[in-house]
Amino acid sequence: MNTLWDELIHELGTVRALSAAALEARSETSRVALLTLLDAETAEISAILDRILRSEVSSAA
């Protein structure tokens, strides 16, 4: 379970970094690329949260 939380913390840090970089991007192309990466990282966070929820439910049963 700690591994999932570690992954989540890592992904959240990545999202923060990508968000900051997108705000500072000098070109529209760079901004779009960073936002695309941000979208992928957000999906990864969602998947990790799903795994955490499933783990919590199965341990409560």
Mind listing the side-chain donor-acceptor pairs of residues 54-61 below 3.5 Å, one per line with the distance, residues two or more places apart or on another chain?
{"unit_1": "S58", "atom_1": "OG", "unit_2": "R54", "atom_2": "O", "d": "3.2"}
{"unit_1": "S58", "atom_1": "OG", "unit_2": "S55", "atom_2": "O", "d": "3.1"}
{"unit_1": "S59", "atom_1": "OG", "unit_2": "S55", "atom_2": "O", "d": "3.2"}
{"unit_1": "S59", "atom_1": "OG", "unit_2": "E56", "atom_2": "O", "d": "3.0"}

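- Atom CG of D6 sits about 10.0 Å away from atom CD1 of I48, to the nearest 0.5 Å.
- Hydrophobic cluster membership differs between I9 and L38, with clusters built from Ile, Leu, Val, Met, Phe, Trp and Tyr side chains linked at under 4.5 angstrom.
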Could you go through residues 14-25 and list every donor-acceptor pair under 3.5 Å that involves a side-chain atom there, pairing it with any protein atom two or more places apart or in another chain?
{"unit_1": "T14", "atom_1": "OG1", "unit_2": "H10", "atom_2": "O", "d": "3.0"}
{"unit_1": "S19", "atom_1": "OG", "unit_2": "V15", "atom_2": "O", "d": "2.8"}

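- E7 is linked by a salt bridge (Lys or Arg N to Asp or Glu O under 4.0 Å) to R51, counting only residues two or more places apart in sequence or in another chain.
- Summarising the geometry, atom CG belonging to D39 is positioned 12.0 Å from atom CD belonging to E44; distances are rounded to the nearest 0.5 Å.
- Qualifying side chain to side chain donor-acceptor pair (under 3.5 Å) partners for T3, counting only residues two or more places apart in sequence or in other chains: none.
- Summarising the geometry, atom CG belonging to N2 is positioned 12.5 Å from atom CG belonging to L8; distances are rounded to the nearest 0.5 Å.
- Residues V32 and L37 do not share a hydrophobic cluster, clusters being chains of Ile/Leu/Val/Met/Phe/Trp/Tyr side chains in contact below 4.5 Å.
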